[in-house]
Structures are given as structure tokens and as C-alpha cells.
Enquirer: 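First the structure, then my questions, so here it is.
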Amino acid sequence: MNDLAPLDRSVTAPDFSAHPLAYYTWHLLQHPEMYAAFRRYTDQYRAVDESRRVSADMICHVLRFHTGLRATDDTFAVNNVLTPLYARLYRHQRPGANVPIRASQLDALTPEEWQSLLILLPEETARA
């Protein structure tokens, strides 16, 4: 079931290679529904067994499928730079979740920079 609306591709994102934190901040502000969908799909996958290993990359592919986005220019797309962000945000919200993470430039963020991203997370609806 495709419950994600088409995204507005008319807004240009900050240049990730020059300003990764600005890109992540922009993304969470402009498209909170994307992380909310990542969280929902990951929760659904884990519903069978909470210890089940979940690949953040796999869930991002599901998001691409459901949104029909293609990375053809510098406007927003579900691209690979979001995978490590989503994995870390999910593990923050679901401590103990078996969502492996790889080394990333995100590992160098200060606690204050992380907090600036965490406050942007969309609110959750009650989990069953």
C-alpha cells in the first residue's frame, strides 16, 4: 500500500558534500514524513520478532519504491546519504534495535549537533 504522497521536488537541498549537517537538518525539516515512514516500515518489519536484524538500506529501498523518486538532480531524493542518518535516529528511538550501522561522518557529530537533529524528529503516533 502506497501511503506516501508524491514529494515536492521544486526545493533544492543544501549541498551535502559541502554541508552535511545543513543537508540533514534541511531534510528533517522539509520531509519529516520520510523518516516517519522509515520508522513505521522498520517497526512493521520488526513486529514479527523485535530482535530481527533490519537493514536500514533495505528500508530505504522500500521508501524509494513507495515514493517513486529518482535521484536525477540535486533536488530531494531518497538517496544513500540518508541511510546512516535514519539508522542512527532509529536506534536512538528504539534502543536495542538490531539495525546495524557502519562508520559514517555522522560519528563525528558533537552531542549538540546530534541534539539539533533529534529535536526535528516527527512525533510518533502511539505504537501498538
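Heavy-atom basis, side chains included; hydrogens, waters and symmetry copies ignored. Here the structure is a predicted model, which means the values were calculated and not measured.
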Enquirer: With the side chain counted from C-beta on, respond yes when Val62 and Tyr45 share a heavy-atom pair under 4.5 Å apart, and no when they do not.
Expert: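 Side-chain contact under 4.5 Å: no.
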
Enquirer: Measuring from Gln93:CD to Thr42:OG1, what's the distance to the nearest 0.5 Å?
Expert: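 Gln93 atom CD to Thr42 atom OG1 measures 10.5 Å (nearest 0.5 Å).
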
Enquirer: Is Leu29 reachable from Leu117 through a run of hydrophobic residues whose side-chain heavy atoms are each under 4.5 Å from the next?
Expert: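 The answer is yes; both residues are in one hydrophobic cluster.
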
Enquirer: Going hydrophobic residue to hydrophobic residue with side-chain gaps under 4.5 angstrom, can you get from Ile101 over to Val81?
Expert: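 Result: no, two separate clusters.
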
Enquirer: Can you confirm whether Leu82 sits close enough to Leu63 that some side-chain heavy atom of one is under 4.5 Å from a side-chain heavy atom of the other?
Expert: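 A side-chain contact is absent here, since even the closest heavy-atom pair is not under 4.5 Å.
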
Enquirer: So, for Ala108 and Glu113, which heavy atoms are closest and what is the spacing to 0.1 Å?
Expert: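 Closest pair (atom of Ala108, atom of Glu113, distance): O-OE1, 4.3 Å.
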
Enquirer: If every non-hydrogen atom of Pro84 is compared with every non-hydrogen atom of Ser104, which pair is closest and at what distance?
Expert: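 Answer, listing the atom of Pro84 first, then Ser104: CB-OG, 3.8 Å.
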
Enquirer: Quick one: are Arg53 and Pro100 in side-chain contact, heavy atoms under 4.5 Å?
Expert: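 Yes - at least one pair of side-chain heavy atoms lies under 4.5 Å apart.
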
Enquirer: Are the ring centres of Trp114 and His92 closer than 6.0 Å?
Expert: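 No - the distance between ring centres of Trp114 and His92 does not fall below the 6.0 Å cut-off.
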
Enquirer: Fit a plane to each ring of His27 and Tyr23, take the angle between them on a 0 to 90° scale, and name the class: parallel (under 30°), tilted (30 to 60°) or perpendicular (over 60°).
Expert: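 Geometry flag for Tyr23 against His27: parallel rings.
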
Enquirer: Once rounded to the nearest 0.5 Å, what's the spacing between atom OG1 of Thr83 and atom NE2 of His61?
Expert: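 Nearest 0.5 Å value for the OG1-NE2 distance: 7.0 Å.
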
Enquirer: Drop me the distance from Ser116's OG to Leu109's CG, to the nearest 0.5 angstrom.
Expert: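 With rounding to 0.5 Å, OG (Ser116) is 7.5 Å from CG (Leu109).
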
Enquirer: When you compare the side chains of Tyr90 and Asp43, does any donor N or O come within less than 3.5 Å of an acceptor on the partner?
Expert: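 The criterion, which ignores hydrogens and geometry beyond distance, is satisfied for Asp43 and Tyr90.
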
Enquirer: Cluster question for you: counting only ILVMFWY and a side-chain heavy-atom cut-off of under 4.5 Å, with indirect links fine, are Ile119 and Leu121 together?
Expert: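 Both belong to a single hydrophobic cluster.
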
Enquirer: What distance separates Arg94 CZ from Leu89 CG, expressed to the nearest 0.5 Å?
Expert: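 Reported value, rounded in 0.5 Å steps: 11.5 Å.
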
Enquirer: Could you grab the distance from atom CG of Leu21 to atom CD of Gln105, nearest 0.5 Å is fine?
Expert: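 The distance works out to 9.5 Å.
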
Enquirer: Return the minimal non-hydrogen interatomic distance between Ala56 and Ala87, and the atom names on each side.
Expert: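 Ala56 and Ala87 have their closest heavy atoms at CB-CB, 3.7 Å.
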
Enquirer: Closer than 4.0 angstrom, basic N to acidic O: yes or no for Glu123 and Arg39?
Expert: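 Here Glu123 does not pair with Arg39 in a salt bridge, since their nearest N and O are not under 4.0 Å apart.
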
Enquirer: Going from CG on Leu85 to CE on Met34, what distance comes out if it is rounded to the nearest 0.5 angstrom?
Expert: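 The CE atom of Met34 is 12.0 Å from CG of Leu85, to the nearest 0.5 Å.
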
Enquirer: Using distance alone, with no hydrogens and no angle criterion, decide if Asp49 and Ser51 have a side-chain donor and acceptor under 3.5 Å apart.
Expert: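 Distance-only check passes for Asp49 and Ser51.
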
Enquirer: Closest heavy-atom contact between Arg64 and Asn80?
Expert: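 Smallest interatomic distance, heavy atoms only, reads NH2-OD1, 2.8 Å.
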
Enquirer: What class does the angle between the rings of Tyr35 and Phe38 fall in, given that below 30° is parallel, 30 to 60° is tilted and above 60° is perpendicular?
Expert: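 Rings of Tyr35 and Phe38: parallel, under 30°.
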
